[in-house]
Participant: 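A single structure is presented below for examination.
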Amino acid sequence: EDQVTQSPEALRLQEGESSSLNCSYTVSGLRGLFWYRQDPGKGPEFLFTLYSAGEEKEKERLKATLTKKESFLHITAPKPEDSATYLCAVQAGGFKTIFGAGTRLFVKA
Amino acid sequence: DTEVTQTPKHLVMGMTNKKSLKCEQHMGHRAMYWYKQKAKKPPELMFVYSYEKLSINESVPSRFSPECPNSSLLNLHLHALQPEDSALYLCASSPRGGMGETQYFGPGTRLLVL
């Protein structure tokens, strides 16, 4: 059965303290892995799409990487405004997109 | 422009009411999606429309009825809902509904069923 697991569930950082969020997946035939940011009560905001192992993408303080079993979202020198829930999702053999439970990030000034 | 709009932002309804949620996109996308999200949980897929045809129904109860009048519009008709249906309802769109496509989400409609 296709599965997506994100860790940690919650992460508390000081401003400027870099860290990484993990997304492990077990799917048959990965078609795409997606990272979204979601603020409370709002819709997910698209960050990155990764398609193959070794691929990396960057946007401001965020960098996403992909291996055959997991993806990392690296946050460099985070700011309080980076506080949000970060969702990882995968699309495999079917058309259904499977979301992980998310990592809630809190960045303190 | 990667904007998906949803109306209303908030909706309160009784269990005997009939209401509709509306979603609109002007990105030329041909696939549109409805998701349901409970508090502190990930989004769960409900329906997928591809080229205005229903392609996926994730065993959603019949009290939820989707409609896709054209490629830019998606509605979700609600009737005789239960309190446990209270959630954030998210609409998303993607270029063609093909595999590996990025989905762009709207801001959601917060629904409360009394």
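Values reported hereafter were calculated over all heavy atoms of this structure, with side chains retained and with hydrogens, waters and symmetry mates removed. To find a chain, count down the sequence lines: A is the first, B the second, and so on, and within it residues start at 1.
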Participant: Quiz question: by atom type and distance under 3.5 Å, do the side chains of B/S94 and B/Y33 form a donor-acceptor pair?
Facilitator: yes
Participant: Got a donor-acceptor contact below 3.5 angstrom from the B/Q25 side chain to the B/T5 backbone?
Facilitator: no
Participant: Salt-bridge test for A/K63 and A/E56: reply yes if a basic N is under 4.0 Å from a carboxylate O, no otherwise.
Facilitator: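 A/E56 and A/K63: salt-bridged.
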Participant: Do any side-chain atoms of residues 40-52 of chain A form donor-acceptor pairs under 3.5 angstrom with protein atoms, and if so which ones, sequence neighbours left out?
Facilitator:
| from | atom 1 | to | atom 2 | distance (Å) |
| --- | --- | --- | --- | --- |
| A/T49 | OG1 | B/T102 | OG1 | 2.5 |
| A/Y51 | OH | B/G100 | O | 2.7 |

Participant: Hey, could you give me each pair passing side-chain hydrogen bond (donor to acceptor under 3.5 Å, both in side chains) that has a residue in residues 14-24 of chain B? Not counting sequence neighbours.
Facilitator: B/S20-B/H77, B/E24-B/H26
Participant: Suppose a student defines contact as a heavy atom less than 4.5 Å from any heavy atom of chain A. Which residues in residues 35-57 of chain B would they list?
Facilitator: B/Y35, B/Q37, B/K40, B/P42, B/P43, B/L45, B/I56
Participant: Do B/Y89 and B/L11 make a side-chain contact, defined as non-hydrogen atoms from C-beta onward lying under 4.5 Å apart?
Facilitator: no
Participant: Is the closest basic N to carboxylate O distance between A/R104 and A/E9 below 4.0 Å?
Facilitator: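 No.
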Participant: Is any residue of residues 65-75 of chain B within less than 4.5 Å of chain A by heavy atoms, and which ones?
Facilitator: none
Participant: Taking NZ in A/K57 as the centre, count heavy atoms belonging to other residues, nucleotides or ligands within less than 6.0 Å. Is the count above 12?
Facilitator: yes
Participant: Hey, is the main chain of B/G108 close enough, under 3.5 Å, to the side chain of B/Q6 for a donor-acceptor pair?
Facilitator: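 The answer is yes, because a donor-acceptor pair under 3.5 Å joins these two groups.
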